[in-house]
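By convention here, the first residue in the shown sequence is residue 1. A quick note: this is a predicted structure, and the numbers were derived from the prediction, not measured.
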Amino acid sequence: MYVADSRSSKAPVAPAETRPGRREAADGTGTGDGPRTGTGSTGDGRRTAVRAAVPGTVVVLGVVSLVTDISSEMVSAVLPLYLLTGLGLSPLGFGLLDGIQNGFSAVVRLLGGHLADRRGRDGASRHKAVAAFGYGLSALCKPLLLLVHTVPLIGAVIAVDRTGKGLRTAPRDAMISLATEPAHRGRAFGVHRAMDTAGALLGPLTAFLVLRLAGGPMLADGGQQQGYHAVFAVSACVAVLGVLVLLLFVPNRLDGAEPSSDTRPRLRDGLALLRIPGLRRLTVCAVLLGLTTVSDSFLYLLVQRRLGLSVEYFPLLPLGTAGAFLLLAVPLGALADRIGRRRLFLAGHGVLLLAYGLLLSPLDGPAVVVCVLLLHGSFYAATDGVLAAAAADTVPAERRGAGLALVGTGQALARFACSLAFGALWSAVGGTTALTWSALALAGCVTGAAFVLREPAAAADAPGAPAAPTTDDSEVPS
C-alpha cells in the first residue's frame, strides 16, 4: 500500500475550453515554447495557478532527489582528489573515469525510458518501478567504495552507479511532466531541480564535515584513507533513505493518459521519435552544446589550482555552483514558461561561455572565482530542467520516458566525449590551454545551435504562434 494516493498526484485540471494548449500537450503535438496565459485575473486565480504548477508528486520526487544528491555529491566532492592526489591518477585517466560517469548513464538511459513506458498487466506504466530500481542500484554501489582501492575496480563501481542513474533519470522526469499541467512544466522542473540542487549543496558540506570529524588527512601524500572511508559509509546510509522515500510516498499511477494502442513499444522504436521535428532539433542542440561543456570536476580543479587553495577546501567549491542553481532554478523555470524554453536553454550556454572567459581572463582573486561559480550555477538553472520541460512538450504521453531519454542520451554521450577530449588536452598542453580551446569550441557550438533553432520549422515555436502538430499516428510508433 502506498502512503500517497494516486488521485492527488495530478495538478488541478481546468475545463478544456479554458486551456487551449491541453490537447496539443496531451497528444505530444505542442511545442511548449510559447507564452502561457491564464483565464482568471483575480488573486484566487493566481494562487490556484501557483498550486497547480507544483503538484505534490513533484515535491516528493524533489525530496527523493535531494536526499539522493546528498549521497552522490558526498562522493563526487572528494573523488577527484582521492583519485588524482591519493591514487596518483593522471588527468587523462581521470578524464576517462569522469567520462564513464556520463557514458554509462547514457548507454542505459534509453533502456530506462523504454522500460518505464511499457505498461504492466494492470495498464499502469512502470515509471516508479524503473526509477526505484535505478535509485536502489546506485545505493548499493556506495558501500562497495569501501572495499575497492584500485583504479579499475573504482571505475567498475562508478560504471554501475551511473547505470543506476541512467535507468532512473528518464522515468523520474516523465513522472514530473505527467503530473504537471503543460503550462507550468518549466516551473515544476525548476522546483524539482532546486530541491535536487539543495542536495548538491548539502552533499559537499556533509563530506567536508565528515572528513573533519574522521580526523584523517586528505591523502596529500597517499597516506591514511579513513576520512574517505567515512564519507563513503555515510553516503551509503543516506542513499538508502532516498530509496525508502520513493517507495513509500510516490504513487504508482501518475498519468491519466491511455496508451494510443495495445502494441507494446519496442526499444528500437525510440529512435523513430527523432522524426518529431521539435524533438529532433532539441536533440541536435543538446549534442552540439554537450560536446563543449567541460566536466564540473575539471572546472573545479582549474579553479582550485588557479587560487592555490588547500586541498581540504576543495569539497567546498561546488557550493557556489549549487547555491546559484538553488536560487535561480525556480525563477528561471518560470521565465522559460513565458519567453520560451529553447531560448533560455541557449542563453544558459552563453552564460557558461562567460564563466569560461572570466576564468581565462587576467583578473584574479577570490571575487573572480565566486563569479565563475555563480555563473556556472546560473548555467545549470537555465538549462537542466528547462531542456527536460521543452522535450516533454514534444512527445506523446505514452512515449514520454523514451523521448526524454533520447534527448538526455544525446547530451550525456556528447559530454562523455568532451571529458575524454578535455582530459587528453590537459595532459598534452595544460589545463588553461585546454579550457581556451573548449571556450572557442563552445562559442562555435552556441552559434550552430542558434542556427538550428532558427530553422523555418521552428517558427511555430515562437511565443504567440499557434501550436503546430509535430507528430501523427504514422510517425510515432505506439
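- Tested against V67, the residues L241, V243, L244 include a single side chain to side chain contact (heavy atoms under 4.5 Å, CB included) partner, L241.
- Using modelled atom types, no side-chain atom of K142 and backbone atom of A239 make a donor-acceptor pair closer than 3.5 Å.
- Counting heavy atoms from C-beta outward, V160 and L137 have side chains that approach closer than 4.5 Å.
- The two residues P204 and E73 have their closest heavy-atom pair at CD-CB, 3.9 Å.
- Contact annotation: the side chain of C285 never approaches that of L346 to less than 4.5 Å [non-hydrogen atoms, C-beta and beyond].
- Summarising the geometry of L332 relative to A381, their closest heavy-atom pair is CD1-CB, 3.7 Å, with the distance given to 0.1 Å.
- The structure places CG of L317 at 9.0 Å from CG of L301, a figure rounded to the nearest 0.5 Å.
- A side-chain donor-acceptor contact under 3.5 Å links R280 to the backbone of L274.
- D296 has its side chain out of reach of T321: every pair of non-hydrogen atoms, C-beta onward, lies at least 4.5 Å apart.
- Residues V75 and S235 share a closest heavy-atom pair of CG2-OG, 3.5 Å.
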Q: Start with the C-alpha distance between F133 and L115, add both sets of side-chain angles, then the distance that settles side-chain contact (heavy atoms from CB on, under 4.5 Å), and finish with yes or no.
A: CA-CA 11 Å; F133 180 79; L115 293 176; over 6 Å; no
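- Side-chain contact between V395 and L404 is absent, with no heavy atoms from C-beta onward closer than 4.5 Å.
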(Q) Walk me through whether V287 and L413 qualify under side-chain contact (heavy atoms from CB on, under 4.5 Å). (A) CA-CA 8 Å; V287 170; L413 287 175; over 6 Å; no
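- Atom CG of residue L153 and atom CD1 of residue I158 lie 11.0 Å apart, to the nearest 0.5 angstrom.
- For S72 (side chain) and D69 (main-chain N/O), no donor-acceptor pair under 3.5 Å exists by modelled atom type.
- In this structure the side chain of L299 reaches within 4.5 angstrom of the side chain of Y356, judged on heavy atoms.
- Between the side chains of S438 and T292, not a single donor N or O lies within less than 3.5 Å of an accepting N or O.
- Closest of all the heavy-atom pairs between P55 and A179 is CG-O, 2.9 Å.
- To the nearest 0.5 Å, atoms CZ (R172) and CG (L61) are separated by 8.0 Å.
- Checking side-chain atoms of T394 against main-chain N and O of A391 turns up a donor-acceptor pair under 3.5 Å.
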Q | side-chain contact (heavy atoms from CB on, under 4.5 Å) evaluation trace for V54 with T180 | A | CA-CA 7 Å; V54 188; T180 309; over 6 Å; no
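- Residue L167 holds its CG atom at 6.0 Å from CG of L111, rounded to the nearest 0.5 Å.
- Distance alone, capped at 3.5 Å, places no donor-acceptor pair between the S138 side chain and the Y135 backbone.
- Smallest separation of non-hydrogen atoms from V231 and V78: CG1-CG2, 4.2 Å.
- At a cut-off of 3.5 Å, with distance as the only test, no side-chain donor of T383 or H349 sits close to an acceptor on the other residue.
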**Q.** Worked check of side-chain contact (heavy atoms from CB on, under 4.5 Å) between F249 and V63
**A.** CA-CA 10 Å; F249 295 101; V63 172; over 6 Å; no
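- Between the side chain of D117 and the backbone N or O of A402, at least one donor-acceptor pair lies under 3.5 Å.
- The closest donor-acceptor contact from the side chain of R193 to the backbone of A329 lies at 3.5 Å or more, if one exists at all.
- Rounding to the nearest 0.5 angstrom, the gap separating the CG atom in D384 from the CG atom in D196 is 7.5 Å.
- Tested against F232 for a side chain to side chain contact (heavy atoms under 4.5 Å, CB included), the candidates L147, L144, L146, V210 yield a single pass: L146.
- With salt bridges taken as basic N to acidic carboxylate O contacts below 4.0 Å, none links R185 and D173.
- T436 contributes a side-chain N or O that, together with a main-chain N or O of T432, makes up a donor-acceptor pair within less than 3.5 Å.
- Using a 3.5 Å distance cut-off with no hydrogens or angles, the side chains of T197 and Y380 do not pair a donor with an acceptor.
- Considering all non-hydrogen atoms of both residues, R400 and S177 come closest at NH1-OG, 3.0 Å.
- The shortest distance between side-chain heavy atoms of Q411 and L387 falls below 4.5 Å.
- No donor-acceptor contact under 3.5 angstrom links the side chains of R168 and T68, judged on distance only.
- Rounded to the nearest 0.5 angstrom, T57 OG1 and L178 CG are separated by 10.5 Å.
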